[in-house]
Amino acid sequence: MEFSELREAIEKVGLVDAHAHNIVALDSSFSFINAFTEATGTAALSFAPHSLSFKRNVREIAELYGCENSLKGVEEYRRSSGLESSSLKCFEAARISAILIDDGLKLDEKLGIEWHRSLAPFVGRILRIETLAEEILDSEIPDGWTLDKFTEAFVRKLKSYPFIADKIVGLKSIAAYRSGLEINTNVARKDAEKGLTEVLRDGNPTRIANKSFIDYIFTLSLEVSLSFDLPMQIHTGFGDKDLDLRLSNPLHLRMLLEDERFSKCRVVLLHASYPFSKEASYLASVYPQVYLDFGLAVPKLSVHGMISSVNELLELAPIKKVMFSTDGYAFPETYYLGAKKARECLFSVLRDACIDGDLTLAEAIEAAKDIFALNAIKFYKINVDANAFSSKDTVSVNPVKIESRALENSSSLVRVMWVDTSGQHRCRAVPVKRFSDIVRKNGVGLTHASMGMSSAADSPADETGLTGVGEIRLIPDVTTRKKIPWMERQEMVLADMHLRPGEPWEYCPREALRRVLKVLKDEFDLVMDAGFENEFVLLKSVSWYMTFCPLSIKLAVTFVVKLKQKIFFREGKEEWVPIDSAPYCSTASFDFVSPILDEIVGALHSLDITVEQLHAEAGKGQFELAMGHTTCPLSADNLIYTREVIRAIARKHGLLATFVPKLALDDIGSGSHVHISLLRNGENVFMASGGSSKHGISSIGEEFMAGVLHHLPSILAFTVPIPNSYDRIQPNTWSGAYQCWGKENREAPLRTACPPGIIDGLVSNFEIKSFDACANPYLGLAAIGAAGIDGLRKHLRLPEPIDKNPSLCANLPRLPQSLPESLEALKKDSVLEDLIGEKLLVAIKGVRKAEIDYYSQNKEAYKQLIHRY
């Protein structure tokens with residue numbers, strides 16, 4: 001039997017999440033480990049990472065984010081990306097069209113329901129009755145609370161909700177957590193009064209745990225729910241240790257269910273009532289007012305446990321009574337996991353039902369739509385278009401609606417981007433609908449030759465081993481999907497290179513970096529962190545100021561032109577010149593281009609990319625933008641997007657932003673310096689932990705850095721990859737021309753740094769100056785990581801630091817002064833070949849050889865690089 005139609009229906013249906021909780025801010029004291037476990041307390045939490053569901057769920061979040069497969073790796077990604085970005089990723093992947101939020105769960109730094117409205121087209125509220133009662137009793141009234149005063153206030157407040165702006169769609173009780181599910185709907189008044197007295201005696205903040213008073217509140221709420229036809233959600237089954245599991249069996253609800261007064265009061269048994277799923281199924285089959293929800297059991301159980309629980313619910317319960325929820329709480333990742341595992345679990349259950357003969361394929365597809373959407377839409381009477389889910393055809397809509405997404409129509413495009421061996425940014429664009437339907441999973445076709453191209457020709461270099469024969473797939477990394485800030489209704493996404501979906505191509509730069517990072521993590525439990533600086537020059541054409549500038553700027557530019565500033569490049573009749581000639585950190589220069597820089601910073605902010613500082617640099621028309629540091633490979637992703645932003649915003653203003661290493665041979669060059677540190681369990685371990693270190697570096701940090709210094713000549717073939725790069729790396733230009741290191745020595749290629757906020761004498765990172773924007777950042781970081789791994793394996797030590805201009809030191813070796821020299825060093829470096837991959841290195845060497853041949857024969861050709869970098 002073919003189940004592709006069932007799988008497609010399940011994957012595409014927009015989910016109605018019928019029970020969830022608020023997300024918290026990143027600085028909440030509620031620990032992220034709680035996303036994966038119901039355990040509480042240090043001792044119990046220490047065992048949580050050893051459960052099946054914990055390991056699986058952390059891995060699946062890491063895969064979604066493209067980060068290190070560990071709790072710390074995911075946490076670091078969340079911190080560096082920001083809550084909005086990670087939430088959008090999770091909800092886009094979850095494809096949730098409606099959320100019903102119980103906002104009664106007390107969480108530190110809890111975000112209001114309004115905040116969640118950007119995550120789904122519909123967000124409704126579930127009112128927790130115990131929380132409402134506690135809030136009322138916490139308020140002061142004259143002469144104190146009596147049962148009559150409380151009853152009047154509670155009922156009045158409860159009845160007001162359906163008529164106010166934040167209209168509720170249902171009520172909820174956590175009686176199972178307080179006194180158990182054996183609800184007495186005929187609780188005596190004297191018992192309720194006694195219970196209230198006991199609750200008040202305990203003082204504020206109020207926590208209601210007295211059984212008689214809980215039962216009284218519950219009964220009052222049922223009466224109101226009947227009046228307004230509001231359903232009542234009831235926590236059943238497992239939870240944290242505050243709950244007595246013996247009292248959370250839904251069979252205890254018999255008195256309530258048999259009470260004729262409430263026979264038409266619809267109740268929902270939450271959490272699959274696990275481990276009482278069979279009992280819940282029975283109740284739903286014999287009581288017309290009982291419905292079921294399987295959130296929390298999915299995804300908190302093992303795969304077998306999830307499937308078994310849902311199977312047990314469907315053994316007796318009518319399909320029309322079973323509903324989905326994520327029970328997402330505190331963290332957007334819990335929503336994603338709940339949605340992802342629910343789709344997988346229900347597919348398995350319904351597929352097996354078809355195989356066993358319980359359902360036909362058509363009935364299984366209808367069941368999926370009912371369970372995931374239609375049942376809840378009808379049950380909660382929410383304003384979600386049911387027509388989108390009722391078609392007899394496979395659902396083809398994607399109901400996720402997030403404000404930062406481009407509208408899905410044929411005029412909206414997604415740029416699928418990659419960076420080739422020569423460091424050039426390239427893309428193919430597809431309509432959004434095609435991206436969603438096909439490209440997202442199956443990718444875009446691309447010739448093998450794409451990784452064999454040099455900066456001089458769009459054809460494969462001879463010695464790369466790559467030709468126009470053969471095709472790969474560019475598979476979008478959806479975690480990098482961003483709305484383009486400068487281009488309305490377009491998006492961009494970075495891609496991995498696969499031979500076929502799921503099988504990485506050995507030439508893929510992003511995969512090469514991941515391979516190296518995996519070795520670093522597996523062997524040393526280390527994560528590499530990186531932050532880049534971007535130096536670039538803003539060029540204008542001689543005709544630019546007449547077209548784009550206001551009068552004040554035209555006068556300034558006219559003055560510059562009248563001074564006959566040197567013209568560097570000609571393109572037809574256009575002549576490109578730097579936008580000014582101001583000195584280093586010039587306020588006038590910064591003021592001159594502030595509108596452009598403001599727009600660049602704003603665009604980067606919209607992409608969740610941190611800008612630490614920016615200023616005018618020493619070269620003519622040159623500026624520097626320093627980015628915040630983050631873990632690899634995210635730091636490389638951010639660098640790609642930052643370059644795209646700078647070039648695009650400059651182009652928008654009629655300028656050309658270029659990152660060419662040596663724009664003018666008699667001026668300062670432009671680099672892309674990178675700062676490297678090492679993390680273990682989220683802590684910086686490059687820095688010494690105390691005063692015992694001679695240089696403020698830990699022994700791990702020193703070994704890693706010593707490896708980089710040792711392999712630096714061959715690393716240059718990755719990080720300064722074209723002949724023009726070596727025109728920049730000259731003595732006395734702060735570019736690092738000698739093979740040495742220094743403490744805060746800007747003439748050394750490796751500089752240890754103690755930025756503001758770091759204890760004096762300690763070092764938080766080291767800077768590599770021999771890195772420019774012609775480098776593929778994934779390959780450059782891979783080479784640095786591989787060299788560091790070699791240093792760690794061999795326990796290499798650093799020589800003494802150079803504390804003066806290295807050009808004044810005798811016997812200091814020069815770094816390669818040309819690309820042929822660094823290429824020769826690379827050919828002799830077996831360590832990098834072993835860690836990065838033989839075939840990829842062949843391609844890299846072939847491209848470098850092509851660069852050498854072309855630019856040695858075409859001395860002026862470097863001037864055209866302004867259009868490539």
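Heavy atoms only, all atoms of each residue included: S285 and P318 are closest at CA-CD, 4.2 Å. V187 and A192 get closest at one heavy-atom pair: CG2-N, 4.5 Å. Contact detail for S179 and L247: the closest heavy-atom pair is O-CD1, 4.0 Å.
Without hydrogens or angle criteria, S263 side chain to E260 main chain gives a donor-acceptor distance under 3.5 Å. Panel note: side chain H252, backbone S248; no donor-acceptor pair is recorded below 3.5 Å. In this structure a side-chain-to-backbone donor-acceptor pair under 3.5 Å is present from N34 to S31. Although no hydrogens or angles enter the test, the distance criterion places no donor-acceptor pair under 3.5 Å between the side chain of S28 and the main chain of V24. Counting only distance, with no hydrogens or angles, the side chain of E333 and the backbone of G328 share no donor-acceptor pair below 3.5 Å. Formation of a donor-acceptor pair under 3.5 Å by the H19 side chain with backbone atoms of T326 is not found in this model. In this structure a side-chain-to-backbone donor-acceptor pair under 3.5 Å is missing from D370 to N375. The backbone N or O of L316 lies less than 3.5 Å from a partner atom in the side chain of S281, making a donor-acceptor pair.
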Exercise. Taking it one step at a time, do F262 and F218 satisfy ring pair (Phe, Tyr, Trp, His ring centres under 6.0 Å)?
Worked result: CA-CA 12 Å; F262 305 121; F218 194 102; 8.5 Å; no

For this session: Start with the C-alpha distance between E193 and K190, add both sets of side-chain angles, then the distance that settles salt bridge (Lys or Arg N to Asp or Glu O under 4.0 Å), and finish with yes or no.
Result: CA-CA 5 Å; E193 288 177 334; K190 62 179 180 59; over 6 Å; no

Exercise. Step by step, would you call Y335 with Y329 a ring pair (Phe, Tyr, Trp, His ring centres under 6.0 Å)?
Worked result: CA-CA 7 Å; Y335 284 83; Y329 61 95; 8.8 Å; no

Problem set entry | Verdict with supporting geometry, R78 and E75, salt bridge (Lys or Arg N to Asp or Glu O under 4.0 Å) | CA-CA 5 Å; R78 298 180 81 248; E75 288 183 294; over 6 Å; no

Problem set entry | salt bridge (Lys or Arg N to Asp or Glu O under 4.0 Å) between E135 and K157, intermediate numbers included | CA-CA 11 Å; E135 289 173 351; K157 186 72 172 176; over 6 Å; no

For this session: Determine, stepwise, if the pair Y380 / Q233 fulfils side chain to side chain donor-acceptor pair (under 3.5 Å).
Result: CA-CA 11 Å; Y380 292 101; Q233 295 183 347; 2.9 Å; yes

Problem set entry | Step-by-step salt bridge (Lys or Arg N to Asp or Glu O under 4.0 Å) determination, R128 to D103 | CA-CA 7 Å; R128 184 181 293 198; D103 60 350; over 6 Å; no

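Ion pairing between a basic and an acidic side chain is recognised when a charged N comes within 4.0 Å of a carboxylate O; E344 and K340 show such pairing. Ion pairing between D191 and K211 fails under the 4.0 Å rule for side-chain N and carboxylate O. Using a cutoff of 4.0 Å between basic side-chain nitrogens and carboxylate oxygens, E76 and R79 are scored as salt-bridged.
Put simply, the side chain of L111 reaches to within 4.5 Å of the side chain of L83, judged on heavy atoms. Residues L119 and I96 form no side-chain contact, since every pair of their non-hydrogen atoms from C-beta on lies 4.5 Å or further apart. Residues D17 and M323 have side chains not in contact (no heavy-atom distance under 4.5 Å, counting atoms from C-beta outward). Side-chain atoms of C67 and V74, non-hydrogen and from C-beta on, do get closer than 4.5 Å to each other. The shortest side-chain heavy-atom distance between I101 and I126 does not fall under the 4.5 Å cut-off. You'll find the side chain of F150 reaches within 4.5 Å of the side chain of I217, heavy atoms only. Between M232 and S173 there is a side-chain heavy-atom pair separated by less than 4.5 Å.
With values rounded to the nearest 0.5 angstrom, L132 atom CG is found 7.5 Å from S221 atom OG. Here I214 contributes atom CD1 and I183 contributes atom CD1; the two are 8.0 Å apart, rounded to the nearest 0.5 Å. The structure places CD of E366 at 8.0 Å from NZ of K369, a figure rounded to the nearest 0.5 Å. Annotation: the span from L359 atom CG to L314 atom CG amounts to 8.5 Å, rounded to 0.5 Å. From N204, atom CG reaches atom CD of E134 across 10.5 Å, with rounding to the nearest 0.5 Å. Distance CG/L127 to CD1/I168: 5.0 Å, rounded to 0.5 Å.
Because its NZ or CZ atom is not both nearer than 6.0 Å to the ring centre of Y291 and within 45° of the ring axis, R266 does not count as a cation-pi partner of that residue.
Neither side chain, Y177 nor E130, offers a donor N or O lying under 3.5 Å from an acceptor on the other. With 3.5 Å as the limit, one finds no donor-acceptor pair spanning the side chains of S81 and S86. T151 and Y216 share a side-chain donor-acceptor pair at under 3.5 Å.
A 6.0 Å sphere centred on NZ of K149 holds more than 12 heavy atoms belonging to other residues, nucleotides or ligands. A 6.0 Å sphere centred on CZ of R254 holds no more than 12 heavy atoms belonging to other residues, nucleotides or ligands.
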